[in-house]
Amino acid sequence: MSIAPEPVPRRFYNRDTLIVAPELLGKLLVRRESSGLLVGKIVETEAYRGVDDPASHSYRGKTPRNAVMFGAPGIAYVYFTYGNHYCLNAVTEDEGTPAAVLIRAVEPLEGVDLMMRNRGVEKLTEVGSGPGKLTKALQITREQNGCDLTDPASDLKICEPSEAGKVFETVRTTRIGIRLAQDKLWRFYVKGNPHVSRK
DNA sequence: GAGAAGATCTCCT
DNA sequence: GGAGATCTTCTCA
């Protein structure tokens with residue numbers, strides 16, 4: 001079976017980050033890779049805004065690393081952290097406004113065996129239940145930084161799910177793994193989904 | 001050019 | 001539950 005869904009249009013991303021983040025839940029993260037097609041459903045996100053968010057990379061202004069966040073919406077921002085891990089973001093809001101949504105967890109749907117091999121695990125819930133885990137499962141590296149998520153020909157894109165995939169309850173809570181601005185309720189996840197990184 | 005911190009994960013106790 | 005791994009990026013001298 002092959003999924004050929006429509007990518008989410010750029011105007012979807014060109015809105016308030018706090019609207020885009022919860023609406024990204026349930027969308028499909030589609031990665032076309034040399035050994036096959038890898039698809040995961042987004043089940044957890046976090047919003048990051050440069051202007052009023054001290055925890056964001058872009059809070060202190062534009063640097064070579066975060067330049068993508070200042071660019072057009074619908075672009076992938078991938079960065080390397082802790083010496084081990086990549087994290088995947090989708091850039092949001094108007095060009096010149098530094099904002100992005102961090103994809104924190106996915107539920108593997110297609111290419112599951114390949115993802116488990118990439119991760120070196122056998123439990124399905126261990127494949128994509130964390131920002132560093134899902135990038136490894138989907139083989140996302142800095143090469144995907146600046147990739148257009150709205151381009152049907154792109155190797156990495158975000159697509160509309162089937163109708164059945166849109167039925168779930170969203171939970172809004174505080175963000176994880178940051179020291180600054182922990183009070184903001186900018187993390188969203190699918191209620192009851194076992195692939196969410198933390199309850 | 002050197003030092004420190006980091007949107008994490010895994011293993012060990 | 002806690003700390004190490006490991007390296008990129010930023011900041012400051």
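We name chains A, B, ... by the order of the sequence lines, and we start the count at 1 in each one.
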Interatomic distance where CE belongs to Met69(A) and P belongs to dA7(B) [whole Å]: 11 Å
Nucleotide pairing, DNA chain B (Watson-Crick or G-U, distances under 3.5 Å), in dot-bracket with [ ] and |: ||||||.|||||.
Rounded off to whole Å, could you give me the CG-to-P distance for the Leu134(A) and dT8(B) pair? 12 Å
How long is the span from the CD1 atom in Ile19(A) to the CG atom in Leu24(A), to the nearest 0.5 Å? 12.0 Å
Just by distance, with hydrogens left out, do Asn193(A) and Glu107(A) show a side-chain donor and acceptor under 3.5 Å apart? yes
Lys123(A) atom NZ is separated from dC9(B) atom P, nearest whole Å, by 15 Å
In numerical order, the residues of residues 42-62 of chain A whose heavy atoms come under 4.0 Å of DNA chain B are Tyr48(A), Ala55(A), His57(A)
I'd like to know if the side chain of Glu93(A) and the backbone of Thr17(A) have a donor-acceptor N/O pair within less than 3.5 Å. yes
Is the phosphate of dT10(B), meaning OP1 or OP2, less than 4.0 Å from a side-chain N or O of Arg119(A)? yes
Partner of Thr150(A) by side-chain hydrogen bond (donor to acceptor under 3.5 Å, both in side chains), out of Arg11(A), Lys157(A), Arg10(A): Arg10(A)
Can a donor-acceptor pair be found, under 3.5 Å and without considering hydrogens, that links the side chain of Asp151(A) to the backbone of Asp148(A)? no
In whole angstrom, give the distance that lies between atom NZ of Lys133(A) and atom C1' of dC11(B). 13 Å
Numerically ordered, the residues 90-105 of chain A set in heavy-atom contact under 4.0 Å with DNA chain B is Leu102(A), Arg104(A)
Return the value, rounded to whole Å, for the distance between atom CG of Asn84(A) and atom P of dT10(B). 10 Å
Contact list please: residues 15-25 of chain A against DNA chain B, heavy atoms, distance less than 4.0 Å, in numerical order. none
Which nucleotide span of DNA chain C, 5' end to 3' end, has atoms closer than 4.0 Å to non-hydrogen atoms of chain A? dA5(C) to dT11(C)
Within 45° of the axis and under 6.0 Å from the centre of the six-membered ring of Phe12(A), does NZ or CZ of Arg15(A) qualify? yes
Going through the distances and angles, do Phe80(A) and His85(A) end up as a ring pair (Phe, Tyr, Trp, His ring centres under 6.0 Å)? CA-CA 6 Å; Phe80(A) 192 72; His85(A) 306 289; 8.0 Å; no
Name the nucleic acid region contacted by Gly83(A), choosing base, sugar-phosphate or nothing; use a 4.0 angstrom heavy-atom cut-off, strictly under. base
Could you state the CD1-P distance from Ile178(A) to dG6(B), rounded to the nearest angstrom? 11 Å
Can you measure Ile140(A) atom CD1 to dA7(B) atom P for me and round it to whole angstrom units? 19 Å
Heavy-atom nearest pair, Val30(A) first then Cys159(A), reads CG2-SG, 3.8 Å
Checking side-chain polar atoms at under 3.5 Å, does Ser197(A) have a donor or acceptor matched by the opposite partner on Ser129(A)? no
Under the 3.5 angstrom rule, does the side chain of Glu46(A) hit a backbone N or O of Ile176(A) as a donor-acceptor pair? yes
Between Glu33(A) and Ser35(A): side-chain donor-acceptor atoms closer than 3.5 Å: yes
If we only count heavy atoms from C-beta on, is the Asp94(A) to Asn14(A) side-chain gap below 4.5 Å? yes
Holding to salt bridge (Lys or Arg N to Asp or Glu O under 4.0 Å), I want the full list of residues that pass it with Asp16(A), two or more places apart in sequence or in another chain. Arg49(A)
Do Arg187(A) and Thr173(A) pair up side chain to side chain, a donor and an acceptor below 3.5 Å, judged on atom types alone? no
Test applied, side chain to side chain contact (heavy atoms under 4.5 Å, CB included); reference residue, Arg104(A); option that passes from Lys133(A), Arg175(A), Glu44(A): Glu44(A)
Can you tell me how far P in dG4(C) sits from the matching atom in dA4(B), rounded to whole Å? 16 Å
Is it true that Ser58(A) and Lys62(A) share a donor-acceptor pair across their side chains at a distance under 3.5 Å? no
Where each residue is assigned the nucleotide of DNA chain C containing its nearest heavy atom, which of Arg142(A) and Tyr82(A) is assigned the position nearer the 5′ end? Tyr82(A)
Quick check: is Ile75(A) connected to Val8(A) through a chain of hydrophobic side chains (ILVMFWY, heavy atoms under 4.5 Å apart)? no
d(CD, Glu126(A); P, dC9(B)) in whole Å: 10 Å
